[in-house]
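A quick note: this is a predicted structure, and the numbers were derived from the prediction, not measured.
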Amino acid sequence: FFSYLKSFFRWCVATGQIDSDPSAPLSRKTFKFVNRDRERRLTREEVPVLLEALNSAPRMEYRTKIAIKVLLLTGARSGELIKARWSHVDFTNEVWTLPVENTKTSKELVIPLAPQTLELFRRLKEETGATRLVLGGLSPKALIKALTRLQTPKKNGEIPLAFDEKLRIHDLRRSFTTFLTGLRVPFEVRERMVNHTVAGVSSVYNRWDYRQERKEAAILLADAIDDPLNLLPSEEIEFV
């Protein structure tokens with residue numbers, strides 16, 4: 001609400017509706033707003049529950065089901081997948097390229113694909129290959145709404161995906177990095193996989209792309225997702 005309020009008054013000033021911004025002296029502390037980082041991510045026990053709910057959803061589009069699985073396997077943002085074109089997917093070299101204009105960080109990222117993820121893209125190709133876009137022009141909010149509907153009670157009171165805490169689409173990205181950590185994937189590799197910039201001197205001098213390491217990590221994670229109760233770390237494991 002606070003951000004919308006500030007933006008509204010800035011727009012009013014810019015368009016000449018008012019002479020000055022009355023919200024300029026205000027801050028989040030004025031309203032006692034507290035920023036809390038969201039911590040929700042999937043547990044290993046929830047992974048098969050989510051996948052089963054997707055597979056069983058009768059009214060969800062096939063491309064939407066596949067898209068959500070791709071997000072879990074790549075750690076990509078939903079907007080990056082929505083904007084992806086078939087020209088960005090290289091089946092021969094098994095990579096998906098996020099061009100600069102499609103990323104939040106304005107940095108290109110070449111994502112090495114595990115065999116399972118590559119197969120999902122092949123299925124999408126059968127569905128949307130006649131279009132330029134990988135998801136065939138799916139609306140920007142489609143994946144968010146689809147996941148929300150899975151967790152919304154039906155008329156009979158049944159909830160297709162009944163988790164104790166609601167799962168949001170961006171939580172898949174948090175789950176991705178958390179699972180990689182549990183699988184002992186090094187920090188630098190994980191950060192590169194989600195297109196983060198490592199702060200400090202390392203970001204200046206370390207120009208290694210970790211392409212092979214990222215490929216191996218993607219396969220490791222995809223294999224774990226296939227059999228999560230056996231391969232993904234348990235909640236009781238403490239990392240040192």
CZ of Arg63 to OG1 of Thr128: how many Å apart, nearest 0.5 Å? 7.5 Å
Does the side chain of Val110 come within less than 4.5 Å of Asp90's, by heavy atoms? no
Main-chain N/O of Val185 paired with Arg190 side-chain donor or acceptor, under 3.5 Å: yes
My understanding is that only residues two or more places apart in sequence, or in another chain, count here; which of them pass salt bridge (Lys or Arg N to Asp or Glu O under 4.0 Å) with Lys125? none
Measuring from Leu150:CG to Leu167:CG, what's the distance to the nearest 0.5 Å? 9.5 Å
Rounded to the nearest 0.5 Å, how far apart are CD1 of Ile82 and CG of Leu71? 8.5 Å
Can you name the nearest heavy-atom pair linking Pro112 to Ala218, along with the distance? O-CB, 3.9 Å
Flag the pair Glu94 and Lys215 as a salt bridge only when some basic side-chain nitrogen lies within less than 4.0 angstrom of an acidic carboxylate oxygen. yes
Treating Ile, Leu, Val, Met, Phe, Trp and Tyr as nodes and any side-chain heavy-atom pair under 4.5 angstrom as an edge, say whether Trp96 and Leu133 lie in one connected cluster. no
Can you tell whether the side chains of Arg123 and Glu127 come within less than 4.0 Å, N to carboxylate O? no
Min side-chain heavy-atom separation Arg168-Arg38 under 4.5 Å: yes
Relative to each other, are the rings of Trp86 and Phe91 parallel, tilted or perpendicular (30° and 60° limits)? parallel
Asp21/Arg10 ion pair, N-O < 4.0 Å: no
Mind checking the OH-CD spacing from Tyr210 to Glu191? Nearest 0.5 Å is all I need. 11.0 Å
If I take atom CG from residue Leu120 and atom CD1 from residue Ile68, how far apart are they, to the nearest 0.5 angstrom? 12.0 Å
